[in-house]
Every structure is written in structure tokens, then in C-alpha cells.
Amino acid sequence: MRQDQPHLILVDGSGYIFRAFHALPPMTRPDGTPVNAVFGFTSMLGNFLTKHAGSHIAVVFDHSRTTFRNQIYPDYKAHRPDPPPELIPQFALIREATAAFGIACIELENYEADDLIAAYARVFAEEGGQVTIVSSDKDLMQLVNPSVQLLDPIKQKPIREPEVFEKFGVTPDKVVDVQALAGDSTDNVPGVPGIGLKTAAALVLEYGDLEGLLAAADQIKQPKRREALLANAELARISRRLVELDTHTPLPRPIDALLAQPPETGRLAAFLRDQGFRSLLHRLGLEGGEGMPAVSQPRHAPQFIAAQAAAAEPVGTPPEDAAAFGPYETVTDLDTLNRWVEEAQAAGTVALDTETDSLDALRARLVGISLAIAPGKACYIPVGHGPKPGTGDMLEAAPEAPVQIPLAQVLSALRPMLEDPGTLKILHNAKYDLEVLGRPQAEGANSGIDVAPVDDTMLISYSMDAGRHGHGMDELSLRHLGHSPVPYDQVTGTGRARIPFSQVELDKATAYAAEDADVTLRLWQMLKPRLRTDGALALYEHVERRMIGVLRDMEVEGIKVDGAELARIGEDFSARMITLEQRIHELAGKPFNVGSPKQLGEILFDEQKLPGGKRGKAGAWGTDASVLEDLAARGHELPREVMNWRQLSKLKSTYVEGLAAQIDARDGRVHTDFSMAITSTGRLSSTEPNLQNIPIRTEEGVRIRRAFVAKPGHVLLAADYSQIELRLLAHLADVPSLREAFAKDEDIHSRTAADIFHLEPGKVDKESRRRAKTINFGIIYGMSAFGLGARLGIGAGEAKGIIDAYFAQYPGIRAEMERLKEEARINGFVLTPFGRKLWIDGIASKDMARRGNAERAAINAPFQGGAAEIIKRAMARMPKALREARLNAKMLLQVHDELLFEVPENEVDQTAAIVKQVMEGVAVLRVPLRAEIGQGPNWAVAH
DNA sequence: TACATCACG
DNA sequence: GACGTACGTGATGTAC
């Protein structure tokens with residue numbers, strides 16, 4: 001936002017009123033007039049004005065219920081109830097309040113406030129000004145552009161292109177097309193039945209806009225969707241007219257009438273006194289009838305000083321001299337390829353991206369490679385594009401594949417550059433590309449390419465901005481470059497119509513693929529220097545970057561799973577489920593779908609009238625394990641049997657069947673995909689399959705874990721960090737008693753129990769230890785007395801007593817909890833003990849529930865994140881340590897505080913010693929780190 | 001697609 | 001005085 005431009009602030013008055021009215025309890029003036037909305041409105045507006053100023057400002061209101069849209073579609077907003085009677089007399093007072101602030105009130109018969117906002121925003125922006133619309137109404141998001149932003153009055157968060165994209169999946173200029181398709185039940189906009197937000201966004205991306213889509217509707221592959229679009233084309237067009245704001249609405253007042261004026265303090269003070277708003281008089285500094293700060297300095301130096309906006313990084317402002325994103329070159333002859341390789345090596349840095357026919361890196365075949373060596377200067381080298389799919393017409397000549405350099409020649413030409421230590425390869429999510437390129441891809445290029453050295457823009461972003469936003473390329477591009485890359489779905493289509501990338505025409509493939517390399521290079525140029533200034537360079541260099549190769553090797557290695565054993569377990573579970581189901585139906589008095597929480601809830605609470613039913617937000621009865629457990633404890637048999645059934649059902653579908661489907665037929669092993677940049681705390685996550693949540697807690701679950709086995713001649717070795725998060729608690733909060741217990745390798749929960757219940761050490765009973773354990777864990781989750789009571793099955797009062805005793809014994813812990821909340825509030829992030837920034841979303845929210853969540857996340861983040869970092873450091877060091885000891889163990893899995901290895905039988909003891917040494921020596925805290933090691937033929941035994 | 005549920009640390 | 005109530009993930013089935 002330029003500082004010397006005129007700046008118009010448009011406040012959505014109706015939104016303010018609505019919120020004020022519903023947020024506040026009824027209030028009346030002495031004469032009986034209801035004024036809660038007036039108070040809320042005045043308070044919010046006054047508050048806003050102390051923080052923001054523009055050269056121009058207006059509050060815009062709806063005039064009446066019916067507008068021109070009702071002539072288009074009589075049912076528009078027909079569901080809206082009339083305003084409540086107590087609100088009606090407050091409208092006039094609110095306009096009076098606005099005027100007393102020296103602010104123009106704008107409204108116009110037959111138009112909605114949104115249309116007036118649209119028209120003023122357009123005119124003002126066309127004259128070169130900046131516009132801020134104070135509203136969070138999604139219907140206004142279509143107005144966002146480089147000159148116009150929304151400001152969410154609750155979250156105090158600017159809404160610009162990236163936020164709109166997040167909400168609608170398209171850029172602001174396409175929002176109306178998406179809304180027209182998806183409809184809007186709150187405004188009674190019909191849309192096209194069966195099409196929701198996601199589908200609408202995908203269609204608009206693919207066909208450009210609504211008309212483009214409707215013109216091509218008869219070619220849509222999905223029959224249901226095609227029929228819906230064809231049958232409802234006119235309804236969609238009407239919907240579009242309903243949601244599109246009229247930027248040419250007549251302006252009831254000229255722009256000059258919106259010039260910011262100093263408030264008429266006398267009039268404002270008189271108004272506030274008349275309403276009896278003494279607290280506002282005080283807050284706005286008007287008690288003596290003067291001293292109200294000017295809301296602005298008209299005509300010059302308008303400033304936009306939202307604290308949040310100032311703290312946020314710049315979004316979507318491309319430098320004016322930025323190179324264009326394309327056109328790019330398609331490389332189909334060897335001479336041209338060699339020229340690109342030479343230039344890349346001369347430049348010393350090159351961004352790189354691979355295109356494949358699968359997201360599964362272990363199966364993916366290379367389809368093409370793109371390179372970028374300067375912004376705007378990028379190329380695409382197709383290597384695996386096939387012929388365009390034929391129409392199936394027998395008379396048609398067999399289609400031919402486009403001309404391409406043979407794969408083996410491409411790899412030979414690229415290999416020296418990709419393996420050149422003097423040329424830095426920049427990738428986005430390098431682990432995937434390295435996994436693909438590391439496999440032999442062609443005859444004559446019979447070994448994989450070991451790409452190095454590597455920078456990864458996804459990890460650079462994650463190292464600085466974990467928890468702040470996602471780290472996908474499209475999102476980062478929009479956020480940092482102000483550019484939306486061509487969406488993948490637009491190139492290949494979606495769903496049934498999707499074609500493999502190898503069948504995409506070369507010009508389209510080039511536009512997409514080369515752009516990705518170009519974007520990666522530009523992101524690197526923008527983000528890499530920030531690593532140093534943000535203090536995240538060491539974290540990136542020494543932890544995240546080194547994890548790329550480590551995790552790639554683990555994924556490629558996989559872990560052996562005994563499919564036959566899984567099948568046997570499945571048989572057993574199935575048989576038991578059938579018996580259970582019969583018994584459950586008998587107890588229910590009729591057959592029903594046991595897997596349906598809805599049907600179960602109705603039987604338990606509507607039919608059998610069991611006590612303790614609670615309805616969820618959708619109005620359905622809650623039937624989760626804690627509810628069923630309560631009922632079972634009262635002696636009811638049905639809920640107990642349902643719990644048993646559910647356990648088997650979960651294990652069977654997720655682990656027996658789901659896991660079996662993931663076994664790679666080529667090696668009998670499962671290969672997970674570790675995500676490096678998903679979690680807000682620095683942990684990894686694991687998908688397809690998730691190998692970080694394999695059962696262990698029940699005997700049935702242990703059977704599943706037994707199916708994870710070592711290959712012949714090997715054993716599995718598991719190494720667990722013992723109590724790592726509690727050690728971090730003792731370290732961070734510097735708790736003498738806990739430090740001593742860890743130093744002496746005592747049982748930490750017994751020590752806590754002895755401390756807070758004043759028991760003799762060594763005479764701690766089981767129940768006291770259980771309570772101490774619950775509170776120890778509860779503490780690092782930011783738990784309340786209510787929560788502790790619920791978990792311990794005691795009242796909140798008794799729980800509070802325990803918490804008080806805990807903090808009395810460990811005052812450092814309470815101080816640390818407070819410090820973390822404070823740190824998050826001031827900075828927006830907390831730091832792990834190793835200096836990683838973890839951004840806490842919602843910490844400044846005025847919504848107490850939301851803020852409460854954020855505060856608990858802030859308390860937990862350093863412990864979870866610190867532990868994640870410790871194990872990552874150990875993992876980064878492990879391969880070298882094993883290599884130097886001439887050991888052949890392979891690291892297979894990481895489960896947050898555990899590492900799993902496959903070890904030759906005759907190397908077990910040596911390997912255990914090295915693993916323990918690396919894990920325990922990776923960080924020096926005020927307490928020792930301890931790793932516990934187990935081994936066996938399967939994971940259940942090793943753990 | 002949204003929600004409820006439940007597997008793990 | 002009410003609010004909502006333990007952190008972080010991913011996969012599955014039902015119901016819309």
C-alpha cells in the first residue's frame with residue numbers, strides 16, 4: 001500500500017449493526033428505547049477510527065428489503081426474517097451516531113449496501129486511490145484487486161487475493177462465476193443443483209468463466225453434472241446476476257462528500273450522553289467534551305495502520321519490472337538442450353521441476369523436465385509424451401507421438417549438470433523429484449541420477465513460516481509473487497476426464513511445466529535471503545535440507561508387511577463382527593447399520609431413552625467412545641458391544657484392508673510418503689499409507705503391528721525417546737525436582753505424584769500416579785481444570801485443587817505457560833528451544849473460544865516442536881554415523897519419538913549402541929535425553 | 001463434500 | 001457471568 005495515495009475506507013454498516021445486535025445482550029435507555037445495537041455499533045466504529053484513518057470514509061447501509069434483485073428473482077433473500085422489533089428503532093440512532101463521528105452515511109433505495117460499496121470502490125480506484133472495505137462478507141470478495149482490499153473487522157485481517165483464492169479456489173474476478181454455480185443458501189441464490197464450491201471452482205478454472213462452461217456443457221463427461229448444467233443454464237445465469245454487484249450503481253453523494261472530517265466532538269459527546277454511553281465517553285476521551293483524537297488528516301498523508309496489516313508480510317505486489325511468466329521454450333533437439341545446460345552451469349543456479357505420470361514417486365515415469373535459469377527464462381524438455389489419444393475411429397491414421405529427444409540422451413546431457421557440485425539445483429518439494437530421478441529411468445542411463453546440491457523452496461518457506469500458511473507452490477506464488485500459476489487441473493482435466501500428463505499437448509505442457517520452474521526460481525530469489533534475516537538459516541541448512549535425502553531413502557526402502565497374516569487377521573475380525581452385529585441387533589430390538597452413528601444415536605437416546613445424550617452441532621446425538629463408555633459403565637450392554645464392534649471395524653477397514661492394498665507387489669513392502677511441510681509444529685506427517693498411526697494400544701491392535709516384519713536374516717530395532725516432551729518441560733521451565741528425577745532416571749509421574757500429593761517417595765499408589773500422569777500430559781496441552789476433571793472422572797473443583805498443588809510445587813511451569821501465551825500474543829509466534837518459529841493462528845482473535853484454542857496451541861507448540869526437532873537432528877546424523885561404523889542397518893520409519901530400523905541379525909548390538917549414542921547426544925539440555933531400544937522379528941516385539 | 005469417529009504420538 | 005474446555009496428525013464410513 002503506497003503511503004501518498006488517497007485512501008477510501010468503506011464500512012459495511014449493515015454488517016456492523018447485525019453483529020453488534022447479536023453480540024450484545026439487550027440494553028435500554030432510561031426511556032425504554034433498546035440501544036444494544038447502537039452501543040455496539042458506536043463502540044466498534046469509535047474503536048476502528050482510533051486505529052485506522054483514510055483520506056475518505058463512509059459508512060454504507062442497506063436501504064430497504066426489496067431491491068432490483070427481487071425483480072430478477074423474487075425469492076432472492078426471501079428466507080431472511082424481518083429484523084427483530086427491538087432493532088427497528090435503533091437504525092435511525094445508528095445513522096445519527098455515524099454523522100456525529102463526521103462520517104458520511106450512504107444508502108440508496110432499490111440497491112443493497114454491497115452495490116454502493118462496489119460502485120464507490122470502482123470509481124475511487126479508477127481515480128488512482130486505494131480502497132479498504134471493512135467487512136468480512138464473502139459477497140464482497142469479488143471486488144478485491146490490487147487497489148481494493150477487504151478488512152475483516154473481527155479478525156482484523158486484510159483479505160486480499162490469496163485469501164479470496166483460499167476461500168473460493170479462484171481469483172476475485174471469477175468469484176461471481178463460482179457463486180453462480182454453487183449458489184448460496186443464506187441469500188437464497190439457487191445455483192446449479194449438485195454443484196458445490198469445490199466443483200464450481202474446478203469448472204471455472206477449466207472453462208474460464210460461466211459462459212465458457214455453459215457453451216461447452218454438452219461435452220462434460222460426467223452425465224449427472226452435464227445434465228444439471230444443461231437443465232439449469234438459465235438458473236445459473238440468473239444466479240450470476242444476483243451475486244454480481246453493480247459497480248455502476250448511481251452514487252448518491254459525490255466522492256468529495258466522503259472526505260474524512262474531524263469529528264464534531266461536541267455533537268458526538270452529546271449523542272453519547274443522550275444514550276447513556278458513559279463508558280464510551282471515557283474510552284473515546286470525550287468526558288470533558290473535547291480531546292477526541294482527529295480521525296484523520298484530510299487531504300494528505302493518509303495512513304493505513306492496522307497493526308495486523310503492518311505486521312503481515314507484503315502480499316501479492318509484484319515488482320513493476322518483473323519478467324513475464326512465459327512464453328517458454330519447448331526443447332526438442334539436442335543442440336538446444338546442451339545450450340540450456342551450459343547456461344545453467346554458467347549461471348551456477350538452476351530451478352528444476354519434473355513432470356511424471358503419477359504422484360507415487362516409486363512408480364512415476366518421467367514425462368518431462370523443466371529448467372529455469374532466470375526469471376521468465378525457462379524451458380520444458382519433453383521426454384515421455386505419447387500420441388494424442390485417438391477418437392477410436394478405425395479409419396483414422398494411428399496418431400504419432402510428438403518429436404522429442406530420446407530419454408536416455410536427455411538424461412546423459414543433464415547428468416553432469418545435475419550432479420555438478422558447482423551448480424545449485426533449486427526445486428519445490430525436492431524429495432519427490434529426487435526420488436524419481438534417483439531411479440534408473442531409461443536404458444543407456446542405467447543408474448539413477450544423484451541430484452546435488454539442492455535447495456528446496458518448500459522447505460525454505462516452511463523453515464520460516466510453519467503454521468502461518470501452506471507451502472504449496474501455487475499458494476506461495478500467489479502470496480509472494482502475486483501470480484497464479486496455471487492450475488494442474490486445467491492442464492490435465494479432472495475426475496473421469498483427466499488425462500495423464502504424457503498426453504498433454506506440448507505447448508500446453510510447456511506453459512505449465514516451465515512456469516513451475518520459473519516460479520520456483522523466483523520464490524527462491526525472494527525467500528532464500530529471508531532465511532538469514534529471519535534467523536532460520538541454520539535450521540534450514542542443518543535440519544530440513546538434510547532430511548530430504550534421509551527421508552527419500554526411508555521411503556524407497558519401505559517396510560515389509562506380511563500380507564498373508566493380515567488376511568488371517570481380517571478373517572477372524574470378520575467372523576467376530578458378524579456375531580457382534582447379531583447380538584447388537586438383538587439388543588436394539590431391530591436390525592440397523594451399526595456403522596451409522598446417526599442410527600445408533602436414535603436407537604440409544606430416542607428409542608431406548610438412555611441418559612447422557614448430547615447433541616452435536618449438526619443436531620445429531622453424540623455416540624463417540626466416551627459417551628458409549630459412560631453408558632457401558634452404567635451396565636448397559638448395547639453400547640459395550642458397539643464399542644467392540646467399532647474397534648474391529650476400524651482395524652479391519654483401515655489397517656487390514658487399507659494396508660494390504662498398499663503392499664507393493666514388487667517387493668512385498670509398503671512405502672509411505674512423509675510430508676515435510678504440513679504440520680504447524682515441525683513434526684513430519686505420513687500418508688498413503690499413514691505409518692505413524694499403526695495400532696498398539698489394544699491386543700487386537702498389537703496383532704496388526706505384528707504383521708510388520710523384518711526381512712530374512714534381519715530384525716527390527718525400535719528406538720524410543722523416553723518422555724521427551726516432559727524432559728523439554730523440565731528443561732524449559734527449569735523445574736528442579738523434575739530435573740533431578742530425570743537426572744536420576746526416576747519414574748517421572750511417581751515423582752510428580754509424590755511432590756503434589758505430599759507422599760513419601762517410593763510410597764506412591766497407582767491412583768496417585770495415574771492422576772499425576774494425566775496432569776503432566778495435560779499441562780503440555782494447556783489443559784483447564786474442567787478438562788482435567790473430565791479425564792480423571794472428578795469434579796472441576798477437585799481438579800482445580802490438584803492443578804493448584806501442581807503449580808505450587810512447580811512455580812516455574814506456571815510462569816513458562818504465561819510466558820508462552822505472552823510471546824505468542826506479542827509476536828504471533830512462539831520459538832522452540834532450538835529457535836524454530838512456530839506461527840500461532842488466531843492468537844489475537846477477539847473470539848474467546850478461538851483465542852483459547854490458539855493459546856493452548858501456543859503452550860503445546862514448543863514441546864511438540866522441540867521434540868520434533870530433536871528427532872530430526874538425530875535422523876540427519878544417523879546415516880553417516882551408521883556408515884562410519886560400517887553398519888548396514890536401514891532406517892525405515894519415524895513415529896514422532898521413535899525410529900524403526902531393519903538390521904542384519906549379526907549387527908544388532910553394535911547398531912543399538914550407535915543409534916542410542918546418536919539419539920541421546922543430539923542435544924544438550926538441562927536434563928539428559930534417553931533412548932530406549934528394543935528388537936525382534938516384528939514391530940510389536942521390537943517396540 | 002462435511003461430519004463423526006478413531007488410530008497414533 | 002458465560003464462553004468452551006487437551007495438542008498435533010490421517011483414513012474411513014455414512015449421509016447429504
Side-chain angles (χ1 to χ4, degrees), chain A residues 23 25 182 193-200 466-467 592-601 616-628 642-643 646-659 661-662 672-675 678-698 700-701 704-705 720-721 723-725 774-791 796 799 838 840 846-865 867-868 871 893-898 943:
Chain A
I195 294 193
L197 210 52
K198 297 277 177 182
T199 309
F592 71 102
N593 184 346
V594 185
S596 165
K598 185 165 172 278
Q599 293 178 30
L600 175 65
K617 56 179 158 185
W621 293 108
T623 65
D624 68 19
S626 71
V627 172
L628 298 186
V642 171
M643 291 178 76
R646 275 191 182 165
Q647 188 200 177
L648 295 177
S649 166
K650 178 82 171 186
L651 294 178
K652 180 161 176 283
S653 58
T654 305
Y655 298 101
V656 174
E657 287 158 7
L659 198 58
Q662 293 279 354
T672 186
D673 182 2
F674 286 109
S675 303
I678 292 290
T679 70
S680 57
T681 57
R683 274 190 179 178
L684 300 176
S685 79
S686 161
T687 62
E688 286 182 290
N690 181 356
L691 295 184
Q692 292 183 318
N693 71 345
I694 300 303
I696 186 74
R697 292 174 185 171
T698 65
E700 315 303 331
I704 305 271
R705 201 169 267 230
D720 271 61
Y721 275 115
Q723 306 290 10
I724 188 162
E725 294 190 3
T774 303
I775 186 172
N776 268 335
F777 282 114
I779 284 294
I780 46 185
Y781 296 143
M783 187 172 58
S784 63
F786 180 96
L788 179 66
R791 303 230 162 208
L838 300 174
I840 307 296
K846 291 193 177 142
D847 174 349
M848 293 212 355
R850 191 169 136 83
R851 194 175 64 245
N853 286 334
E855 286 176 352
R856 291 192 296 275
I859 287 172
N860 177 254
F863 302 111
Q864 195 182 116
I871 196 165
L893 296 178
Q894 185 249 50
V895 192
H896 309 311
D897 63 358
E898 171 185 6
H943 182 83

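What you see is a predicted model; the values in this text were computed from it and never measured. Labels below follow one simple rule: chain letters A, B, ... track the order of the sequence lines, proteins then strands, and each chain is numbered from 1.
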Q. With a non-hydrogen cut-off below 4.0 angstrom, is L197(A) in contact with a base, only sugar-phosphate, or nothing?
A. nothing

Q | Straight-line distance of S784(A) OG to R856(A) CZ, nearest 0.5 Å | A | 7.0 Å

Q. How long is the line joining NE2 of H896(A) and C1' of dG9(B), in whole Å?
A. 5 Å

(Q) On the nucleotide dT5(C), are OP1 or OP2 found under 4.0 Å from the side-chain N or O atoms that R856(A) carries? (A) no

**Q.** Nucleotide nearest R646(A) (side chain, heavy atoms from C-beta), chosen from dT5(B), dA6(C), dA7(B)
**A.** dT5(B)

Q) Are any of the side-chain heavy atoms of E855(A) and R851(A) separated by less than 4.5 Å? A) yes

Q.
Among V594(A), L600(A), N593(A), which residue satisfies the side chain to side chain contact (heavy atoms under 4.5 Å, CB included) criterion with S596(A)?
A. N593(A)

Q: For T672(A), report the nucleic acid contact type (base, sugar-phosphate, nothing); a contact means any heavy atom under 4.0 Å.
A: nothing

Q. Looking only at atom P, what distance separates dA2(C) and dC6(B), rounded to whole Å?
A. 32 Å

Q.
Without decimals, in angstroms, what is the distance between D624(A) CG and dA4(B) P?
A. 10 Å

Q: Applying side-chain hydrogen bond (donor to acceptor under 3.5 Å, both in side chains), run through T672(A) and E688(A) and close with a yes or a no.
A: CA-CA 6 Å; T672(A) 186; E688(A) 286 182 290; over 6 Å; no

Q: Measure the distance from CZ on F777(A) to C1' on dG9(B) and round it to the nearest whole Å.
A: 9 Å

Q: Name the nucleic acid region contacted by A796(A), choosing base, sugar-phosphate or nothing; use a 4.0 angstrom heavy-atom cut-off, strictly under.
A: nothing

Q: Would you kindly give the NZ-to-C1' distance between K198(A) and dC3(B), to the nearest whole Å?
A: 15 Å

Q. Rounded to whole angstroms, how far apart are CG on L600(A) and P on dC6(B)?
A. 10 Å

(Q) Is there a side-chain contact between L659(A) and L691(A) in this structure, where contact means two heavy atoms from C-beta onward sitting under 4.5 Å apart? (A) yes

(Q) What's the gap between dT5(C) and dT5(B) when it is taken at their P atoms, as a whole Å value? (A) 14 Å

(Q) Given a 3.5 Å cut-off on both pairing distances, which stems involving DNA chain B, each at least three consecutive Watson-Crick or G-U pairs, are present, if any? (A) B:1-9 with C:7-15

Q: List the protein contact pattern of nucleotides 9-16 of chain C with one symbol per nucleotide (5' to 3'): B for base contact, S for sugar-phosphate-only contact, - for none; contact means a heavy-atom distance under 4.0 Å.
A: SBBSSSSS

Q.
If only side-chain N and O atoms count, and only distance matters, is there a donor-acceptor pair under 3.5 Å linking H896(A) with Q864(A)?
A. no

Q) So what's dC3(C) paired with, Watson-Crick or G-U wobble, going by both distances under 3.5 Å? A) none

Q: Please check the phosphate of dG9(B) (OP1 and OP2 only) for any side-chain N or O of R697(A) closer than 4.0 Å.
A: yes

(Q) Please report the distance, rounded to the nearest Å, between CD1 in I859(A) and P in dA6(C). (A) 13 Å

Q. Taking the C1' atom of each, how far is dA6(C) from dC8(B), in whole Å?
A. 16 Å

Q | Donor-acceptor side-chain pairing of S685(A) and Q692(A) below 3.5 angstrom | A | no

Q.
Using whole Å, what does the distance between atom P of nucleotide dG1(C) and atom CZ of F786(A) come to?
A. 19 Å

Q. Should we say atom CD of Q599(A) is surrounded by more than 12 heavy atoms from elsewhere, each under 6.0 Å from it?
A. yes

Q: Would you mind reading off the distance between M783(A) atom CE and dG8(C) atom C1', rounded to a whole angstrom?
A: 16 Å

Q) Which heavy-atom pair separates L628(A) from R646(A) by the least distance, and what is that distance? A) CD1-NH1, 3.5 Å

Q: Could I get the full list of salt bridge (Lys or Arg N to Asp or Glu O under 4.0 Å) partners for D673(A), not counting sequence neighbours?
A: K431(A)

